[in-house]
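Take a look at the structure set out below.
The figures that follow rest on heavy atoms only: side chains count, while hydrogens, waters and symmetry mates do not.
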Amino acid sequence: MKIDGDEPGSKREIDALTAAFFRAVSFEEGAQPTYTDLYDLFIESGHIIKNSGPAPEVFTVRQFVEARQKSADSGEILRFKEAEIAEVTEIFGNVAHRLSIYEKHGVSGEAEIDGRGIISIQFISTPAGWKISAMAWDDERPGLTLPERYR
């Protein structure tokens, strides 16, 4: 995602990429999610890693999009909203890292989704602008809560 007038290494560009990610994975009941927007946000060989269970679940962007789309199309996920509530971003030349603290809410089947966690996002500068190269997240759960400095 390139923003006209921004210099490479711009935090504004990384903020915009992160916001676009959260928009792509969020949708209201009855609306269609825009998961395919993720293809434009990540490098082609990017990875998305859910690490909130007993073992990491590692996805290519395509695998992640297809699995989420299938869940939305089947009605398994009725609505989902994930939003960044705080962040710490570090940029050095052509690489950047962001700890994105998020809240999520939604409905999956009969169960309410309600939680918080941290996503570690890695970015690289490309000729087309900044792209996400990888992300990994973990959710709060009994025995694991957000550090006080992120609340």
Problem set entry | Check against side-chain contact (heavy atoms from CB on, under 4.5 Å), E66 and Y35 | CA-CA 8 Å; E66 289 173 356; Y35 296 127; over 6 Å; no

Do [X] side-chain atoms and [Y] backbone N/O form a donor-acceptor pair below 3.5 Å?
| X | Y | answer |
| --- | --- | --- |
| T126 | G129 | yes |
| S26 | R23 | no |
| H47 | S45 | yes |

Exercise. Are any of the side-chain nitrogens in K131 or D40 under 4.0 Å away from the carboxylate oxygens of its partner?
Worked result: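 Salt bridge absent between K131 and D40.
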
Which pair of non-hydrogen atoms, one from [X] and one from [Y], has the smallest distance, and what is that distance?
| X | Y | value |
| --- | --- | --- |
| S133 | F123 | OG-N, 4.2 Å |
| I91 | S10 | CD1-C, 4.1 Å |
| A96 | I14 | CB-CD1, 3.4 Å |
| P33 | F27 | CB-CD2, 3.4 Å |
| D37 | A24 | CB-CB, 4.0 Å |

For this session: Can you sort out the partners of E148 under salt bridge (charged side-chain N to carboxylate O under 4.0 Å, His left out), two or more places apart, ordered by chain and number?
Result: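 Per chain and number, E148 pairs via salt bridge (charged side-chain N to carboxylate O under 4.0 Å, His left out) with R151.
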
Exercise. Taking only residues two or more places apart in sequence, or in another chain, which ones meet E57 in a salt bridge (charged side-chain N to carboxylate O under 4.0 Å, His left out)?
Worked result: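 Residues passing salt bridge (charged side-chain N to carboxylate O under 4.0 Å, His left out) with E57: none at all.
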
Exercise. With sequence neighbours left out, what residues match A134 under side-chain contact (heavy atoms from CB on, under 4.5 Å)?
Worked result: Q122

For this session: Return the set of residues passing side-chain contact (heavy atoms from CB on, under 4.5 Å) with Q63 (not counting sequence neighbours), or none when no residue passes.
Result: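 With neighbours one apart ignored, the set is F59, T60.
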
For this session: Write out all pairs satisfying side chain to side chain donor-acceptor pair (under 3.5 Å) with one or both partners inside residues 134-144, taking only residues at least two apart or from two chains.
Result: Y102-D139, K104-D139, R116-E140, D138-R141

Exercise. Which of these, L17, D15, I132, sits in a side-chain contact (heavy atoms from CB on, under 4.5 Å) with R98?
Worked result: D15

Exercise. Given a cutoff of under 4.5 Å between side-chain heavy atoms of I, L, V, M, F, W and Y, with clusters grown through shared members, what are the other residues clustered with I85?
Worked result: V88, L99, I101, I118, L146, Y150

Exercise. Who else is in the cluster with L78 when I, L, V, M, F, W and Y are joined by side-chain contacts under 4.5 Å?
Worked result: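 Joined to L78, directly or through intermediates: V107.
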
Exercise. Residues in side chain to side chain donor-acceptor pair (under 3.5 Å) with E87, at least two apart?
Worked result: K11, T89

For this session: Please identify each residue that fulfils side chain to side chain donor-acceptor pair (under 3.5 Å) with S100, with sequence neighbours left out.
Result: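 Side chain to side chain donor-acceptor pair (under 3.5 Å) check on S100 returns E84.
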
Exercise. Step by step, would you call V58 with F64 a side-chain contact (heavy atoms from CB on, under 4.5 Å)?
Worked result: CA-CA 9 Å; V58 180; F64 183 82; over 6 Å; no

Exercise. Counting only heavy atoms not in E28, do more than 12 sit closer than 6.0 Å to its CD atom?
Worked result: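 Counting neighbours around CD of E28, 12 or fewer heavy atoms of other residues, nucleotides or ligands fall under 6.0 Å, so no.
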
Exercise. Are I49 and I121 connected, step by step, through hydrophobic side chains (Ile, Leu, Val, Met, Phe, Trp, Tyr) whose heavy atoms are closer than 4.5 Å?
Worked result: no

Exercise. In terms of hydrophobic clustering (I, L, V, M, F, W, Y; side-chain heavy atoms under 4.5 Å; direct or indirect links), are I43 and I119 co-clustered?
Worked result: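 Unlinked, I43 and I119 end up in two clusters.
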
For this session: Apply side-chain contact (heavy atoms from CB on, under 4.5 Å) to the pair M135 and S120, showing each step before the final yes or no.
Result: CA-CA 5 Å; M135 67 171 37; S120 173; over 6 Å; no

For this session: Sort and list the pairs that fulfil salt bridge (charged side-chain N to carboxylate O under 4.0 Å, His left out) and have at least one residue in residues 106-115, not counting sequence neighbours.
Result: R79-E112

For this session: Using the side-chain contact (heavy atoms from CB on, under 4.5 Å) rule, take F21 and T18 through it: C-alpha gap first, then chi angles, then the decisive distance, then the call.
Result: CA-CA 5 Å; F21 169 80; T18 304; 5.6 Å; no

For this session: Calculate, to the nearest 0.5 Å, the distance between atoms CD and CD1 belonging to E29 and I77 respectively.
Result: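 Rounded to the nearest 0.5 Å, the CD-CD1 separation comes to 12.5 Å.
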
